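If you're wondering where the values come from, they're calculated on a predicted model, not measured in any experiment. Counting starts at 1 for both ligands and their atoms, following the listed order.
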Amino acid sequence: MSAIQTGRGKRRRKFEDEAESDEEIELAPLGIEPVNSQTSTQDETNPNHQPEVIPKTKQENISNKYIDQEDISTNSKKRKYELLHRNNYRNERREIESDAKGRTKSTNNNQWELEQFNKAKQIGVLPTNLDKVNLPDSDKYEYVFDDSQFVNYNDNEDDILKGDDEPVPPPPPPPPPPTVKDIKISSMDQVRKSLPVYKYREEFLDAISKNQVLIVVGETGSGKTTQLPQYLHEAGYSTSKDGLNRKLIIGCTQPRRVAATSVANRVASEMDVKLGHEVGYTIRFDDNSGDDTVIKYLTDGMLLREFLNDPTLSKYGALMIDEAHERTLSTEILLSLLKDIIKTRSDLKLIIASATINAEKFSKYFNGASILNIPGRRFPVTIHYTSNPEANYIQAAITTIFQIHLTQPLPGDILVFLTGQEEIESMEESLQESIMKLGTSLPNQLQICSIYANLPPDMQQKIFEPTPPNSRKVILATNIAETSITIDGISYVIDPGYVKQNVYNPVQAMESLVVVPCSRASVDQRAGRAGRVGPGKCFRLFTKWSYYNELELNATPEILRVNLSSIILLLLSLGVNDLIHFDFMDPPSHQSIIKSLELLYSLGALNSKGQLTKLGRQMNEFPIDPMLSKCVLTSKKYECTNEVITIISMLGESSTLFYRPKDKQDQANRRHEKFYHELGDHFTLLNIWNEWVDTDFSSQWCQDNYVQYKTLRRVKNVKDQLTKLCKRSGINLNKKSDSFNPLYIQKSIIAGYFPNVVKLSMMGDSYRKLKSTDGQPCHIHPSSSIHSLKPPPKLLLYHELVLTSKEYMRNCLLVDEKLVKEFSSHYYSLKDL
Ligand code: ADP
Ligand code: MG
């Protein structure tokens with residue numbers, strides 16, 4: 001048997017900004033502790049310690065520790081595994097150690113790991129003398145996955161998420177793939193009729209015929225999203241009742257793009273129509289709906305933008321605001337606007353659909369609107385907590401997957417909740433590698449699939465495919481799988497208890513992507529995913545104490561924690577001038593509104609009376625942040641719009657642009673460095689795009705340069721959409737030119753991003769925003785092309801902040817004093833510089 005090494009220390013730590021929710025970010029563990037630290041720490045503090053080498057014969061006898069107490073006592077199955085994970089952890093620390101010894105050019109990840117590692121040492125979860133540990137080369141050894149590597153869970157009879165009193169029997173297995181169209185339709189029909197919502201079809205239609213607004217509350221998976229719009233269509237709400245028989249649209253909003261596309265896909269096949277015709281979707285930069293569309297799934301943000309051109313939403317006969325419990329900013333503003341327009345549009349039906357949280361609040365907001373409860377089928381779910389905090393939750397999750405797979409019966413798929421694409425991709429890589437190396441010693445196949453915001457639609461469908469016999473599916477998902485989409489067949493949920501969020505600090509006017517602990521309501525929803533097909537189990541990678549003492553009861557609504565300038569600009573365009581008295585469900589703080597107004601004023605979108613200017617109206621033509629649209633509009637003057645919209649399209653996707661295969665890290669780094677530009681990341685991104693264009697969008701070029709082809713395809717799509725929007729706004733794009741003037745591009749960017757200018761501190765070790773010298777110190781993100789620049793630039797501007805162990809600035813552009821003075825003398829005083 002060959003030696004095993006699956007170190008994951010080199011994974012890229014990058015962050016993604018998804019303006020249309022499904023925020024995704026890399027994790028910031030609260031500290032690092034190896035899985036089962038009690039067993040491994042002891043060994044590793046010993047400088048002479050050698051990794052445990054277990055002779056093959058002995059490996060045969062190593063027992064597994066089973067997850068259930070009853071299993072532990074009754075099950076005598078003993079299996080051998082080669083252990084990968086503890087080994088990974090050691091390798092990772094070895095890399096960190098060498099960084100700590102001052103390797104001059106550390107990779108981005110090592111830098112991140114090093115910080116996490118030092119932080120963990122500070123809070124005392126790692127042995128402090130680890131720096132001295134000289135780990136031997138583990139390539140020489142074989143490892144086994146014995147019980148000391150298993151994660152310890154507390155088992156307690158009381159920790160049960162109750163099911164329904166009389167559980168309905170599990171749904172029939174999905175029908176085999178139909179060969180004839182008729183068979184297909186009838187089996188689809190059967191599946192539709194088996195959903196819990198079907199029994200309430202008449203009650204629902206009756207309630208909506210008698211009420212203009214109806215709140216529908218139902219367990220995830222009961223069929224609200226896929227069925228209710230179809231019922232409305234079948235009942236004729238897609239035809240106007242004014243005698244003219246006009247075609248009307250049944251709209252259904254989703255906070256997440258993936259949910260909108262995936263559900264539209266599903267409903268199109270249920271109705272046996274081609275996606276984009278009767279059933280379509282609209283998400284930012286991707287409109288797949290047509291003139292014949294009657295059922296349209298769209299993001300809440302896109303419906304909000306439709307108000308700009310059609311303030312009464314006259315095209316719609318009924319609207320379902322789905323996932324209302326998520327309380328996203330766009331959904332809440334939609335609810336406020338809809339509350340207003342239904343007064344004049346008495347023919348418009350409004351359904352507010354929510355998982356089983358907060359329903360009364362919506363009813364109250366809509367003056368006591370009726371609530372229709374749809375009981376889902378829910379089986380009890382046993383909750384298991386870890387005995388100790390699992391700071392390295394990725395490792396703990398991987399170990400738990402194997403624990404489940406090796407001890408629990410089939411069928412029963414596993415759902416793991418992670419914080420973002422990057423984390424999912426790196427975990428998938430580790431898992432695939434482990435599976436490959438475990439080879440035939442795994443009793444049954446493990447199939448890995450994933451779901452996150454940017455996953456292409458054809459890949460999304462994979463998670464819905466039935467699991468083949470004798471195998472188990474592991475789905476790695478962002479919190480999109482919490483309520484937005486339902487995956488059948490899940491019996492086990494692994495929940496580290498984190499989510500990625502945008503958080504705005506109005507005092508410092510700083511917005512940052514952060515990984516935060518979930519609320520209790522949210523982790524309970526996640527656990528519920530295990531109880532749809534039968535009794536399930538949920539493994540929480542945190543302690544019971546933490547659940548009761550550290551988690552908030554409910555998540556903070558987005559409106560109370562994000563920068564409001566985009567939404568305020570939109571509201572002003574819709575004629576909502578009195579923001580203080582606007583009918584918010586939960587009003588944002590005055591301070592937050594005032595800061596956003598100040599920003600819009602400084603960008604020139606508002607005049608001194610707080611009225612929208614011509615520029616402000618033009619900015620609203622673009623479905624992007626006002627700071628970005630200001631850059632686009634400024635670029636017109638400098639005739640560099642082509643370059644500026646390229647940079648903007650690239651910035652949105654930059655977190656998933658590069659990849660570094662484990663065995664070719666140095667080579668990949670060298671290729672990436674070739675693109676670096678001395679003025680910073682904005683120009684580095686432009687270099688990448690321009691080279692790709694010169695190769696005629698070649699996928700081979702991407703492969704050769706370790707750049708993700710599918711990311712660049714997305715960038716191309718976004719750029720095409722922005723190009724159209726520019727043309728619509730009368731901005732002609734200059735031809736791509738190899739001799740662009742960097743100064744003009746810098747000027748266009750700083751025109752929108754001057755609030756993000758930072759200055760090097762006296763000590764030269766960090767940056768602070770110009771206006772708040774006592775504000776939060778920021779650091780150049782290790783992934784930045786100017787991260788190692790010597791001496792560090794005195795002034796720069798950042799595109800976004802991400803908070804892990806420190807406040808990091810991601811995507812930085814060099815600027816100078818002259819530029820700052822030219823573009824922001826109205827914002828900064830001379831002493832700020
Ligand atoms: P709810 O909105 O109440 O959570 P849904 O209408 O989303 O429920 O889901 C109902 C059923 O439709 C689920 O059992 C799920 O398996 C199935 N479903 C939803 N989307 C898809 C899809 N894209 N592919 C296959 N099945 C799907
Ligand atoms: Mg739904």
**Q** Using the six-membered ring of Y365, assess whether NZ or CZ of K339 lies under 6.0 Å from its centre and within 45 degrees of the ring axis.
**A**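 Yes, a cation-pi geometry.
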**Q** Parallel, tilted or perpendicular, judged at 30° and 60°: which one describes the rings of F542 and Y547?
**A** parallel
**Q** Distance under 4.0 Å to a non-hydrogen atom of E219: what atoms of ligand 1 satisfy this?
**A** 3 (O)
**Q** Indicate, as side chain, backbone, both or neither, the part of R532 found under 4.0 angstrom from ligand 1 when only non-hydrogen atoms are considered.
**A** side chain
**Q** Taking only heavy atoms of T220 into account, list the atoms of ligand 1 that are under 4.0 Å away from them.
**A** 4 (O)
**Q** Without hydrogens or angle criteria, can the side chains of Y316 and E306 be said to hold a donor-acceptor pair below 3.5 Å?
**A**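 Their side chains do contain a donor-acceptor pair, which is all the 3.5 Å distance test asks for.
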**Q** Could you tell me whether a side-chain N or O of T226 sits under 3.5 Å from a main-chain N or O of V267, the two making a donor and an acceptor?
**A**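 Absent.
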**Q** Any N/O/S atom of T226 sitting less than 2.8 Å from the Mg ion (ligand 2), backbone or side chain?
**A**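 No, outside the cut-off.
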**Q** Please check whether G223 reaches ligand 1 - meaning an N/O of the residue sits under 3.5 Å from an N/O of the ligand, judged on distance alone.
**A**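 There is such a contact, yes.
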**Q** Short list, please: which atoms of ligand 1 are under 4.0 Å from a heavy atom of Q461?
**A** 23 (N), 24 (N)
**Q** Between T226, D322, I374, which one has a non-hydrogen atom sitting closest to atom 6 (O) of ligand 1?
**A** T226
**Q** Under 3.5 Å, is there a donor on one side chain and an acceptor on the other for Y452 and E423?
**A** no
**Q** Does E270 pair with R266 as a salt bridge, N-O distance under 4.0 Å?
**A**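 Salt bridge flag = yes for R266 with E270.
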**Q** Say whether T467 and D413, considering side chains only, have a donor N or O and an acceptor N or O under 3.5 Å apart.
**A** yes
**Q** Is a donor on one side and an acceptor on the other found under 3.5 Å between the side chain of D206 and the backbone of E202?
**A** no
**Q** Would G221 count as a contact of ligand 1 if the rule is a heavy atom under 4.0 Å away?
**A** yes
**Q** Do any nitrogen or oxygen atoms of S484 come within less than 3.5 Å of a nitrogen or oxygen of ligand 1?
**A** no
**Q** Is S262 close to ligand 1, meaning an N/O of one under 3.5 Å from an N/O of the other?
**A** yes
**Q** Where does L195 meet ligand 1, judged by heavy-atom distances below 4.0 Å: at the side chain, the backbone, both, or neither?
**A** side chain
**Q** Do D488 and ligand 1 have an N or O pair less than 3.5 Å apart?
**A**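 There is such a contact, yes.
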**Q** Any non-hydrogen atom of N265 lying under 4.0 Å from ligand 1?
**A** no
**Q** May I ask you to check if ligand 1 and K224 share an N or O to N or O distance below 3.5 Å?
**A** yes
**Q** State whether a side-chain donor-acceptor pair under 3.5 Å links S336 with D583.
**A**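 Note: S336 and D583 side chains miss the donor-acceptor criterion.
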